[in-house]
Amino acid sequence: MHECTQLEFVVNAKDPSALLDWASVRQSASNEASTIDNRTQTLDCTVEIEDKKVPLRFHLAEARDFPYRLMETTGDATHQQIVEAMAKERGLHWTKGRLFDAMGQPVQCETEAQIYEVLGLPYFPPELREGQGLLIDPEELVDANDIRGDLHTHSSWSDGTLPIRTMALAAQARGYEYIAVTDHSQSLAIAGGLTAEDLLRQREEIERLNDELSGIKILHGIEVDILGDGTLDMPDEVLWELDLVIASVHSAMNQSPKRMTERILKAIEHPAVDIIGHLSGRLIGRREAYGLDFSAVLETAKQSRVCLELNANPNRLDIPDSWLRLAGEAGLLVPINTDAHSAQEYDNIRFGLRMAKRGWLHRQRVLNALPLNELTSLLHRKRKRQ
Ligand SMILES: [Zn+2]
Ligand SMILES: [Zn+2]
């Protein structure tokens, strides 16, 4: 897992003086004045955003070079080598951020898509421009049209802001077929966690709503706490009555990586668990991940047929891209969940989808891309086994 260390921009700057002026005003006081590196045509500076020093790099490009610079700066070395080799095969020559034909004339392309077309390749989004990404068919990656529901939502029964009915109608208005209401369990008192009796009453409400509403199905789930010792914060017989069980860590987060791994493996092996919520525990810019042994987690999740959530909350984006790639390769199903505490937070699905693309997630691997009947039969099969 790597942290972002720098924000990079490609700018169409025929006259970069305005950019230099901007950088000298915004430059944080401790740094020297910004200058343009003439060899690489880049400008580095550090600015302060919300009390954090953020290093920025601007790649300067004239309009005609812009798509080439964009492509060069968004792929890794392997991708660039492949692109240059493809150009050569076609009698073209890629040099210094430009493409030339056999006569030495520049090939004019206005977009990256046009460049790929000239090279005889389909358009590869930036997320695929590294490692083995060029072997992936971009058409197979999950996108917004594939998402049929949200499997991690909170209502005013716990720390959500809206009643279940409102959350369900808002999901329907987005074109979803289903949501799972997954409020917190009792030990998370700060978030109004539910007791077993609360869940019984919540079930009655959900049954009533499912009778009343058409075109949207509400699944009754829970986000049950994984307690410090790896046991779950709800009796088994209560969990078996639910349609869906997400198990998540919300406490004792400073355990050693080894202990945290054992704790989470124990939860994965609990037969009533369907999904592990925000597995790595990172809060971007605020809290490091737990340092789990991910290969052990992956292996156990595969054997136990447990899904690892991609939590789309922009503070989490958890699990991260490198783990998503491994989860996809291992054949795991990954739900892209917004963990919405309000109807607006359904919109966070867009961040989850961006992350899914970085994780090369095929639509067949996405749990909430399944139609309702397939989703429920998958969940029921697990429950019938008991
Ligand atoms: Zn949670
Ligand atoms: Zn949650």
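Note that ligands are numbered from 1 as they come in the structure, with each ligand's atoms numbered from 1 the same way. None of these values were measured; they are calculated from a predicted model.
- Atom CZ of R259 has 12 or fewer heavy atoms from other residues, nucleotides or ligands within 6.0 Å.
- Residue side and main chain included, H341 places no N/O/S atom under 2.8 Å of the Zn ion (ligand 2).
- Taking backbone and side chain together, H152 holds an N, O or S atom under 2.8 Å from the Zn ion (ligand 2).
- The atom name of the N/O/S atom in H154 closest to the Zn ion (ligand 2) is NE2.
- In the displayed structure, E110 atom CD is contacted under 6.0 Å by at most 12 heavy atoms of other residues, nucleotides or ligands.
- A 6.0 Å sphere centred on CZ of R98 holds more than 12 heavy atoms belonging to other residues, nucleotides or ligands.
- Salt bridge status for D198 with R201: present, with a side-chain N to carboxylate O gap under 4.0 Å.
- The name of the N, O or S atom in E223 nearest to the Zn ion (ligand 2) is OE1.
- Taking backbone and side-chain atoms together, H250 has an N/O/S atom less than 2.8 Å away from the Zn ion (ligand 1).
- Looking at D339 and the Zn ion (ligand 2) together, the shortest N, O or S contact belongs to OD1.
- Between E197 and R203 there is no salt bridge, since no side-chain nitrogen of the basic residue lies less than 4.0 Å from a carboxylate oxygen of the acidic one.
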